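Note that the coordinates shown come from a computational prediction; the quantities given were computed from them, not determined experimentally. Per chain, numbering begins at 1; letters A, B, ... match sequence-line order.
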Amino acid sequence: MPEMTMVQAINDALRISMRDDERVVLLGEDVGKVGGVFRVTAGLQDEFGAERVIDTPLAEGGIVGASIGMAMYGLRPVPEIQFADFIYPAFDQIVSEAAKYRYRSGGEFGIPMVIRTPFGGGIRGGHYHSQSPESLFIHVAGLKVVCPSNPYDAKGLLLSAIRDEDPVLFFEPKRVYRAAKMDVPEGDYAVPLSKAKVVREGAHVTVLAWGAMLYEAVAAAEEVAPKVDVEVIDLRTLWPVDIDTIVASVKKTGRVVVVHEAPRTCGFGAELVSLVCEKAFLHLEAPPVRVTGHDTPFPYTLENDYLPLAHRIVPALLETAAY
Amino acid sequence: MPEMTMVQAINDALRISMRDDERVVLLGEDVGKVGGVFRVTAGLQDEFGAERVIDTPLAEGGIVGASIGMAMYGLRPVPEIQFADFIYPAFDQIVSEAAKYRYRSGGEFGIPMVIRTPFGGGIRGGHYHSQSPESLFIHVAGLKVVCPSNPYDAKGLLLSAIRDEDPVLFFEPKRVYRAAKMDVPEGDYAVPLSKAKVVREGAHVTVLAWGAMLYEAVAAAEEVAPKVDVEVIDLRTLWPVDIDTIVASVKKTGRVVVVHEAPRTCGFGAELVSLVCEKAFLHLEAPPVRVTGHDTPFPYTLENDYLPLAHRIVPALLETAAY
Amino acid sequence: MIRYELPPSRSVDHTDIETVLGPDGRADPHLDPKLDSALVVKIYEAMLRTRVLDDRMLALQRQGRVSFHVGCKGEEAAIIASAAALRTEDWIFPCYRELGALLWRGFPLQRYVDNMYGNADDVVQGRQMPDHVTGKQWAYASVSSPIGTQIMHAVGFGWAAKLKRQKLATAVYFGDGATSTPDFHTGLNFAGVYKTPTIFLCRNNRWAISVPSDKQTASASFAAKGAAYGVRSVRVDGNDALATYRAVREAVERSHEGPTLLELVTYRLGGHSTSDDPKAYRLQEEVDLQSKGDPLTRLRRHLELLGAWNELQERRFVSQLDSEIKQCVEIAEKKPAPELRSMFDGVYAERPWHLDEQYELTKRGPRPGKE
Amino acid sequence: MIRYELPPSRSVDHTDIETVLGPDGRADPHLDPKLDSALVVKIYEAMLRTRVLDDRMLALQRQGRVSFHVGCKGEEAAIIASAAALRTEDWIFPCYRELGALLWRGFPLQRYVDNMYGNADDVVQGRQMPDHVTGKQWAYASVSSPIGTQIMHAVGFGWAAKLKRQKLATAVYFGDGATSTPDFHTGLNFAGVYKTPTIFLCRNNRWAISVPSDKQTASASFAAKGAAYGVRSVRVDGNDALATYRAVREAVERSHEGPTLLELVTYRLGGHSTSDDPKAYRLQEEVDLQSKGDPLTRLRRHLELLGAWNELQERRFVSQLDSEIKQCVEIAEKKPAPELRSMFDGVYAERPWHLDEQYELTKRGPRPGKE
Ligand SMILES: Cc1ncc(C[n+]2csc(CCOP(=O)(O)OP(=O)(O)O)c2C)c(N)n1
Ligand SMILES: Cc1ncc(C[n+]2csc(CCOP(=O)(O)OP(=O)(O)O)c2C)c(N)n1
Ligand SMILES: [Mg+2]
Ligand SMILES: [Mg+2]
């Protein structure tokens with residue numbers, strides 16, 4: 001099995017999809033000739049031509065809006081938004097159109113489309129190359145939201161997302177892009193949407209995490225391991241979330257910590273806390289805890305004070321366990 | 001004291017602000033000559049002229065973007081977005097610019113601006129004349145979010161918001177616009193931001209609500225009154241929320257129900273539930289409950305099945321109280 | 001080329017306008033598309049049908065039987081003659097006023113009226129406001145309220161067809177106000193760069209609710225905007241069915257070369273919608289003046305000259321249509337509301353767990369009383 | 001008017017371009033703005049200063065001492081001569097390449113270098129990436145990364161000044177790529193309708209990262225886009241400091257009548273930023289060819305002809321600047337990071353309860369180790 005970085009694994013998934021299905025097209029700023037600013041689409045224009053790997057003008061609303069039209073025609077567009085921080089000019093097309101099109105057309109038109117976008121901090125990107133806007137999209141009915149944490153899942157989830165019938169936001173943790181290599185099977189395989197993965201079993205506290213913060217959660221779990229036995233769940237699909245896996249774990253541990261980079265207030269952590277309360281209240285032995293980014297724009301110099309890194313997760317685990 | 005509808009009270013607040021402060025200008029689609037599609041700005045162009053009450057081209061991003069520039073100059077713009085459902089073309093200017101401008105400029109520029117927008121359902125508006133997108137803005141650091149439920153508060157809160165130094169989203173519940181009249185003082189007064197109001201005292205369950213749903217919460221409280229003694233809190237300012245009033249009430253009652261029109265998942269209810277858990281967990285005698293809009297686009301024919309009206313709040317109150 | 005004079009007050013015209021039908025009902029022999037007179041009659045009937053329907057829906061709204069209606073009074077030529085010039089394989093991406101184009105393609109009247117009532121048989125299952133239909137079978141996309149968003153879809157759809165070497169054009173309708181939106185800009189720009197087979201139909205009806213078109217832009221005309229994108233553009237008398245047909249036909253024929261922007265100069269004779277009272281912002285004199293250019297009158301005069309239409313036909317057509325409408329309304333009013341589950345279905349291809357839960361809980365009740 | 005020939009490969013030119021400086025360094029006598037030679041020297045020095053600074057920042061980035069830099073190599077005339085033509089009361093709304101315009105206005109070098117390091121003395125307190133400064137005192141708005149957003153601010157600011165009867169213009173810089181954004185469209189449109197005193201400075205440096213300007217639009221030129229908004233526009237040789245000065249000065253003088261769009265045709269000689277390697281998408285030949293039009297060389301030739309600049313002066317200027325930069329860097333590197341509280345302050349005018357809590361919790365620690 002070849003070793004791949006996440007960048008390579010995503011590239012591989014795109015290549016496989018495009019070979020397998022003539023309907024798959026990629027479009028975005030700088031995705032073609034140069035293969036994306038993170039080189040995720042490198043080599044694909046050479047193989048599939050400029051008609052299927054398209055460099056667009058600088059307009060995110062145009063990229064997504066055109067993709068909607070393409071999906072209506074019957075293609076499977078995979079638009080890229082260069083950084084999640086620049087997704088807002090496309091917000092109207094995503095929220096008002098892509099998310100509602102199936103429903104409001106009485107099911108006449110679905111919009112199968114995967115919006116890929118690098119997100120998250122830790123690369124000294126400051127305000128506009130670091131954001132984690134996932135909860136904005138989770139709030140909007142009609143969208144699916146996926147976030148892989150490793151190369152294997154990235155490839156398998158992307159293959160599933162491209163074959164899904166609904167619009168998917170696919171958030172790629174850029175801090176992980178080249179951080180590590182991993183065995184990734186050649187060829188086609190699927191990691192199903194809406195299935196979480198228990199990456200570390202434990203009895204005392206459940207940690208819910210995704211993307212780059214998963215590693216911080218695991219590191220924190222290892223650090224407290226002598227004292228506290230932590231279960232870490234990689235959600236992988238944020239919405240619709242795998243509620244069964246979460247609830248089963250929390251019923252076992254009675255304690256839950258949610259970790260995310262996005263600002264705390266109205267982040268996805270709030271939803272997870274609410275779901276846990278609704279479905280496992282009597283099993284809770286401590287209040288659910290959120291370890292998150294702060295309610296500020298994403299800072300540059302102090303980004304390691306902003307991010308919910310292991311040093312901030314550890315005390316949360318200890319306190320929760322001791323509650 | 002004159003009786004006013006909410007439309008009249010908001011109109012009055014705008015008039016007072018504009019008389020009082022030369023820097024206040026209004027701009028938006030159809031706000032000038034015709035006085036807004038809900039007539040909230042009626043008569044203001046006649047009094048203040050077309051330079052201060054401005055009909056703009058059809059571009060929400062332009063309305064908000066120009067307002068940011070005006071605020072930087074030193075004006076106090078009060079842009080109107082005709083329906084909250086059409087705020088998304090302005091999302092980038094609000095989220096990427098207005099919200100971050102003070103912070104990212106090291107405090108050199110603040111953006112005092114109040115974005116007024118009618119929101120919410122109950123007027124047979126279907127997908128695009130009914131939405132309640134408040135949680136999207138609450139998630140974004142740097143914004144304040146206000147939502148009055150009655151004419152008195154609407155006037156006092158708007159006067160405060162216009163005098164605030166930061167960008168405020170001012171959500172006006174259009175179902176309440178002309179639904180009722182109320183004594184509203186003539187002249188200037190303030191309802192402070194970030195102060196909730198206990199509109200009905202009670203001992204058994206706390207209900208958190210705002211805007212049009214407040215009336216449903218109160219109606220439900222009355223209905224269960226023989227059995228359950230419900231405290232109803234009108235949040236008035238959603239963010240930064242009046243945490244002290246909430247926590248004090250929940251510590252007293254031990255039970256909490258949040259009601260909102262917006263879709264459930266990642267709505268503001270999720271944040272309120274999380275805050276209550278974090279700050280009053282040991283006082284909770286039942287899991288916090290959310291009674292909300294569904295995770296679907298806003299429907300037309302069945303809107304009364306969609307909205308969290310009294311008929312859906314009542315069973316939640318009874319179940320919570322009996323938990 | 002006969003110049004059709006627009007009243008100067010609201011005019012943003014500084015460029016020529018393509019007109020075929022003269023005030024006397026005669027077609028300019030050089031520009032006459034020379035359509036079969038049966039086709040012209042069919043176009044006229046469709047225009048008349050839309051006019052009558054608008055009137056009856058307005059009445060139903062005033063009686064409180066439907067909650068809302070948005071019509072196209074005065075814009076019938078711009079809408080129907082353009083749709084008539086399209087080929088069956090060409091797709092329509094509508095704004096909210098182009099019902100006439102959908103009916104032209106054969107959408108059944110009952111289906112429309114069911115949508116007005118949002119009943120169980122409504123194609124969109126009562127999920128959207130009245131007049132927000134969909135007609136995939138008729139190559140007609142979904143109507144939504146946000147202004148301009150459909151423009152990018154038309155571009156993307158046509159672009160996809162081009163990539164797949166399928167010969168079709170996409171025609172997208174939008175108003176003068178919509179030219180100020182991001183989607184107009186992006187749509188024209190992408191279409192220009194990728195030479196998509198898109199026909200941009202800007203219905204310049206001179207008003208965006210209360211905002212007159214000369215406050216919408218300082219451009220000499222809406223057609224003039226095409227140059228900013230390298231997109232061919234033509235300014236057409238949109239109250240002239242023949243000129244509209246001719247210009248759209250040409251755009252269709254040239255669609256394999258790339259896009260065309262057509263400014264169809266017309267006038268919104270009615271209110272913006274049933275929610276609007278235009279007396280608050282425009283003078284009756286303006287409306288009266290514009291009524292003289294009524295596209296129905298102009299085309300009817302032409303047909304009468306040709307001996308292809310007369311008062312008797314008109315009356316017979318209207319009365320037959322009226323009974324058809326009446327019947328559809330009666331049927332629609334008897335139909336039940338959509339079932340509760342329709343509210344929770346169709347958000348995704350398959351209903352996920354959280355919507356199952358929300359459905360079950362809502363079904364358990366209590367359900368709301370009639371308000 | 002001398003036509004400055006742009007290489008045809010990437011050219012979107014189908015319109016004339018205004019040029020003053022000929023290839024021999026002589027100014028066209030009809031178009032020469034006839035500036036005081038001391039001023040021209042000052043402009044040249046500022047251009048040179050920016051060029052040197054870019055080079056030194058690039059080196060610091062390669063050494064890992066700063067994390068990022070975005071420079072303006074090749075665009076110095078477009079940026080500095082335009083800024084020089086503005087009056088002190090005119091406001092600048094920058095994109096991210098216009099540091100030279102800010103330094104021209106007197107922004108201290110130390111202040112800039114502190115920003116590059118995001119240290120405690122950084123005007124934006126280390127909150128943004130390097131090169132994202134603010135200079136209110138110098139009538140210079142905040143740099144942000146999203147493309148195009150500043151355009152609307154410039155329009156709104158100028159509009160506000162006009163409402164208040166204050167005579168000033170706003171100048172907004174953006175690239176060729178930015179013309180595809182919603183804000184370009186909306187900004188030009190609002191400016192046209194409300195005749196705001198706005199000068200739109202489109203630096204057409206022929207590339208938007210890897211996308212060449214002829215893939216950005218099918219318009220004959222970027223200047224041609226002005227007509228879509230009724231906005232006066234001029235296409236200028238942006239590598240010609242005198243032509244740029246002249247065109248901007250004229251726009252300033254006419255700003256009370258309304259806006260002007262200037263397309264400053266130039267070329268990005270360097271990478272998009274330190275994160276970019278242009279070899280992946282453009283030929284070295286193109287860069288070599290364009291280097292011949294280097295705006296510094298062209299202006300220097302002119303100054304040498306006038307006897308106002310020579311090699312010795314050049315060397316002296318550079319070496320003095322170098323020691324100034326070196327000193328600033330030494331100082332900046334010694335300064336501490338911003339205090340923790342700076343991360344929680346300034347989100348609002350007053351810090352609310354939830355940020356108090358988050359600050360207190362973070363302060364209590366543990367704090368992160370150095371990574
Ligand atoms: C994005 C957006 N903003 C505002 C509105 C409210 N609105 C509905 S129709 C309309 C005017 C549209 O004018 P125009 O494009 O000329 O079309 P017309 O109605 O004249 O056919 C406005 C402002 C909307 N539907 N969408
Ligand atoms: C809204 C948005 N989308 C994408 C980006 C990523 N990006 C940064 S610079 C750039 C190209 C800008 O090109 P241009 O406007 O020509 O300016 P130049 O860099 O050439 O000066 C892109 C796509 C961004 N910053 N903002
Ligand atoms: Mg119109
Ligand atoms: Mg450029």
Side-chain angles (χ1 to χ4, degrees), chain B residues 28-39 42 50 54-63 82-83 85-90 92 122-130 263-265 291-312 314-316, chain C residues 67-68 117-120 122 124-130 132 144-148 175-183 208-212 215-217 272 275-278 280-282 337-340 342-347 352 354-355 358-359 361-362 364-371:
Chain B
E29 295 153 14
D30 306 293
V31 300
K33 189 148 187 200
V34 69
V37 298
F38 290 103
R39 302 296 185 274
I54 307 166
D55 279 320
T56 67
L58 206 166
E60 287 75 13
I63 294 166
Q82 197 164 91
F83 287 86
D85 316 61
F86 304 133
I87 203 164
Y88 307 117
D92 191 38
I123 61 153
R124 312 214 68 190
H127 285 24
Y128 299 108
H129 298 80
S130 308
R264 178 186 195 78
T265 300
V291 185
T292 69
H294 304 302
D295 285 315
T296 75
F298 200 102
Y300 170 71
T301 305
L302 299 178
E303 74 172 326
N304 287 333
D305 276 298
Y306 181 90
L307 289 167
L309 303 181
H311 71 271
R312 284 175 56 205
V314 165
Chain C
S67 71
F68 172 85
Y117 281 87
N119 63 29
D122 174 15
V124 305
Q125 300 176 41
R127 290 171 181 158
Q128 288 212 77
M129 284 175 73
H132 287 62
S144 79
S145 317
I147 295 295
D176 44 302
T179 62
S180 296
T181 65
D183 297 274
I209 308 186
S210 77
V211 178
K215 287 262 188 74
Q216 200 63 245
T217 184
H272 170 74
S275 314
D276 178 48
D277 176 12
Y281 54 82
R282 72 181 184 188
E339 277 187 62
L340 184 64
S342 76
M343 185 161 71
F344 299 91
D345 283 342
V347 181
H354 65 292
L355 286 167
Q358 292 174 26
Y359 170 51
L361 188 70
T362 312
R364 211 164 66 207
R367 298 278 303 274
K370 290 251 180 275
E371 284 201 85

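To the nearest 0.5 Å, atom NZ of residue Lys215(C) and atom CG of residue Leu58(B) are 14.5 Å apart. The line from NE2 of His311(B) to CZ of Arg367(C) is 8.0 Å long, rounded to the nearest 0.5 Å. For the atom pair CE (Met343(C)) and CZ (Phe298(B)), the distance works out to 9.5 Å, reported to the nearest 0.5 Å. Here NE2 of His129(B) is found 7.5 Å from OG of Ser275(C). Values are rounded to the nearest 0.5 Å. Considering OG1 of Thr296(B) and CZ of Arg127(C), their distance stands at 8.5 Å, rounded to 0.5 Å.
Looking only at side-chain heavy atoms (C-beta outward), Leu302(B) and Ser342(C) come within less than 4.5 Å of each other. The closest side-chain heavy-atom distance from Val347(C) to Asp295(B) is not below 4.5 Å. Counting only heavy atoms from C-beta outward, the side chains of His294(B) and Tyr359(C) never approach each other to under 4.5 Å. Residues Gln82(B) and Ile209(C) have side chains in contact (heavy-atom distance under 4.5 Å, counting atoms from C-beta outward).
Nearest heavy-atom pair across Pro57(B) and Gln216(C) is CA-OE1, 3.1 Å. Taking every heavy atom of both residues into account, Ser210(C) and Asp30(B) meet most closely at OG-OD1, 2.6 Å. What you find for Met129(C) and Gly126(B) is that their closest heavy atoms are CG-N, 3.9 Å.
Counting heavy-atom pairs closer than 4.5 Å to chain B, the top-ranked of the candidates Ala280(C), Pro366(C), Pro278(C) is Pro366(C). Contact count versus chain C (heavy atoms, under 4.5 Å) is highest, among Ala310(B), Ser130(B), Gly125(B), for Gly125(B). For the set Ala178(C), Pro338(C), Ala337(C), Gly148(C), the entry with the most heavy-atom pairs within less than 4.5 Å of chain B is Pro338(C). Listed options Asp85(B), Val314(B), Thr301(B), Thr56(B) were ranked by heavy-atom pairs under 4.5 angstrom with chain C; first place goes to Thr301(B). For the options Gly177(C), Gly118(C), Pro146(C), heavy-atom pairs under 4.5 Å to chain B are most numerous at Pro146(C).
For Ser67(C), the parts lying near chain B are the backbone and the side chain together; criterion is any non-hydrogen pair under 4.5 Å. Neither the backbone nor the side chain of Leu361(C) has a heavy atom closer than 4.5 Å to any heavy atom of chain B. Heavy-atom distances place no part of Tyr88(B) under 4.5 Å from chain C, backbone and side chain included.
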